[in-house]
Amino acid sequence: MGGASASGSVTRERRGHLFLIGLNRPAKRNAFDPAMLNELALAYGELERDDEARCGVLFAHGDHFTAGLDLAQVAPVLLQHQTIPIPEGGLDPWGLQGPRLTKPLVCAIQGRCLTLGIELALASDIRVASADARFAQIEIRRGIYPFGGATIRFARETGWGNAMRYLLTGDEFGADEALRIGLVQEVTPTGQQVERAIALAETVAAQAPLGVRATIASARLAQEDSEAAAIARLTLDLLRLMRSDDAREGLQSFIERRDANFTGR
């Protein structure tokens with residue numbers, strides 16, 4: 001894939017070794033209807049399968065990241081299927097059903113980031129917010145509760161008290177508070193969040209792809225299974241990486257005092 005393409009309410013663009021995914025329903029504050037959920041899952045699947053794409057960037061067109069679910073349209077689907085169906089060839093962007101994206105993903109957030117938007121960010125690896133970003137997990141104000149991973153990941157990322165402060169009140173908070181509690185890693189001036197996310201993604205994409213994916217896999221195994229399970233794989237995975245072309249290139253570039261040119265093999 002080269003250049004940019006649009007599929008309804010989600011745009012996709014490969015830029016070198018980056019794969020940019022854009023939420024594109026700005027007239028509805030990028031609220032997710034069933035079609036948009038479907039398209040986003042397909043975009044994640046495309047990122048996973050694209051051998052040239054080493055890192056993803058998730059961002060939003062318009063003034064807001066997302067207002068969350070378009071509940072009036074999505075509720076009937078949930079009641080019918082007891083879940084949000086993942087289309088063939090897609091991956092669950094929230095990482096709760098089936099295989100997860102194995103490539104790193106940087107998320108750029110601006111404006112309103114509500115409910116499922118926070119959970120989408122929590123399922124990414126690095127998060128950048130603009131100064132005007134506003135967050136709120138308001139499901140309890142609608143008679144339900146977060147079902148996209150916030151009850152699992154929010155406390156893990158920010159600490160129990162910080163998570164419960166917002167999960168149990170539904171209160172809104174800004175970019176500076178998101179940075180303080182660790183929900184985001186950087187705050188940029190408004191309008192510069194995508195540029196910064198792309199810069200971070202380019203830095204990630206310049207590293208050895210096999211090593212990057214092994215790092216993510218090891219960290220997830222420790223979090224989602226156990227530290228013991230992750231420890232048991234450390235040497236095995238290291239030996240596998242040491243036999244790769246990238247490891248040889250990394251050593252040679254060190255000897256020659258130059259930047260490495262990794263191929264992902």
Side-chain angles (χ1 to χ4, degrees), residues 1-33 35-67 86-87 89-95 99-113 116-133 175 184-209 212-213 216 262 264:
M1 173 183 170
S5 69
S7 175
S9 50
V10 174
T11 63
R12 292 162 293 159
E13 175 188 358
R14 177 127 76 63
R15 191 179 298 181
H17 287 302
L18 304 187
F19 192 97
L20 279 60
I21 300 172
L23 308 181
N24 192 32
R25 202 179 176 221
K28 297 293 185 179
R29 294 189 173 187
N30 290 320
F32 283 90
D33 63 2
M36 189 173 177
L37 290 167
N38 197 69
E39 290 168 18
L40 185 62
L42 290 172
Y44 273 57
E46 188 172 344
L47 166 59
E48 180 71 12
R49 292 187 299 274
D50 188 336
D51 291 336
E52 293 300 315
R54 298 181 181 179
C55 187
V57 177
L58 177 66
F59 71 102
H61 299 276
D63 296 331
H64 302 281
F65 186 68
T66 179
I86 305 301
L91 287 179
D92 179 5
W94 288 270
R100 288 194 67 177
L101 181 69
T102 64
K103 297 180 181 180
L105 184 69
V106 183
C107 183
I109 302 162
Q110 81 277 7
R112 296 280 174 167
C113 180
L116 213 61
I118 294 176
E119 294 170 311
L120 192 57
L122 284 167
S124 70
D125 301 296
I126 303 171
R127 300 173 289 275
V128 177
S130 67
D132 73 337
V184 303
Q185 283 64 63
E186 294 189 19
V187 175
T188 72
T190 299
Q192 295 181 23
Q193 70 283 349
V194 177
E195 177 184 352
R196 179 57 182 152
I198 288 173
L200 286 167
E202 286 176 337
T203 300
V204 172
Q207 313 312 312
V212 167
R213 294 172 81 168
I216 291 174
F262 296 117

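Only heavy atoms go into these numbers, but all of them, side chains included; no hydrogens, no water, no symmetry mates.
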Check: Gln110 side chain, Ala60 main-chain N or O, donor-acceptor pair, under 3.5 Å | yes
Test item: Leu40 and Ile21 side chains (from C-beta on) under 4.5 Å apart, heavy atoms = yes
Apply side chain to side chain contact (heavy atoms under 4.5 Å, CB included) to the pair Leu120 and Leu116, showing each step before the final yes or no.
-> CA-CA 6 Å; Leu120 192 57; Leu116 213 61; over 6 Å; no
Nearest non-hydrogen partners of Val184 and Ala175, listed with the distance | CG2-O, 4.3 Å
Supply the atom-to-atom distance Phe65 CZ to Ser130 OG, rounded to the nearest 0.5 angstrom.
-> 11.0 Å
Here the gap from Asp63 atom CG to Asn30 atom CG, rounded to the nearest 0.5 Å, amounts to 9.5 Å
Side-chain contact test, heavy atoms from C-beta onward, threshold under 4.5 Å: evaluate it for Ile216 versus Asp125 and give yes or no.
-> yes
Here the pair of heavy atoms bringing Cys107 nearest to Ser124 is CB-OG, 3.5 Å
Beyond-backbone contact of Leu20 with Leu58, side-chain heavy atoms, under 4.5 angstrom | no
Is there a donor-acceptor pair closer than 3.5 Å between any side-chain N or O of Trp94 and the backbone N or O of Leu122?
-> no
Spell out, as yes or no, whether a donor-acceptor pair under 3.5 Å connects the side chain of Lys103 to the backbone of Gly56.
-> no
Can you name the nearest heavy-atom pair linking Gly89 to Leu42, along with the distance?
-> C-CD2, 4.1 Å
Pairwise distance CG(Asp132) to NE2(His64) - rounded to 0.5 angstrom | 8.0 Å
Side-chain contact, heavy-atom cut-off 4.5 Å: Val128 with Ile109?
-> no
Determine whether the aromatic ring centres of Phe19 and His17 lie less than 6.0 Å apart.
-> no
Side-chain ion pair, Glu48 and Arg213, N-O less than 4.0 Å = yes
Taking only Lys NZ, Arg NE, NH1 and NH2, and the carboxylate oxygens of Asp or Glu, determine whether Asp33 and Arg25 approach each other closer than 4.0 Å.
-> yes
Is the side chain of Asp92 donor-acceptor paired with the backbone N or O of Pro99 at a distance under 3.5 Å, no angle test?
-> no
Mind running side chain to side chain contact (heavy atoms under 4.5 Å, CB included) on Glu202 and Leu18 for me, showing each step along the way?
-> CA-CA 7 Å; Glu202 286 176 337; Leu18 304 187; 3.4 Å; yes
Calculate, to the nearest 0.5 Å, the distance between atoms CG and SG belonging to Leu105 and Cys55 respectively.
-> 7.0 Å
Output yes when Arg14 and Asp50 qualify as a salt bridge under the 4.0 Å nitrogen-oxygen rule, no when they do not.
-> yes
Answer yes or no: is there a donor N or O on one side and an acceptor on the other, between the side chain of Gln193 and the main chain of Ala129, under 3.5 Å?
-> no
Val57 to Ala201 - nearest heavy-atom pair and separation | CG2-CB, 3.5 Å
Quick one: side chain to side chain donor-acceptor pair (under 3.5 Å) partners of Thr190, sequence neighbours excluded?
-> none
Heavy-atom distance under 4.5 Å between the side chains of Leu47 and Leu101, does that happen here?
-> yes
Could you pull out all residues at least two apart from Ala199 that satisfy side-chain contact (heavy atoms from CB on, under 4.5 Å)?
-> Arg196
Full working for side chain to side chain contact (heavy atoms under 4.5 Å, CB included) between Phe59 and Ile198 | CA-CA 10 Å; Phe59 71 102; Ile198 288 173; over 6 Å; no
Do you know the tightest heavy-atom contact between Asn24 and Thr11?
-> ND2-CG2, 3.6 Å
Rounded distance (nearest 0.5 Å) linking atom CE of Met36 with atom OG of Ser9 | 5.0 Å
Under a 4.5 Å cut-off applied to non-hydrogen side-chain atoms, are Leu91 and Ile86 in contact?
-> no
Glu39 side chain to Val10 main-chain N or O, any donor-acceptor pair under 3.5 Å?
-> yes
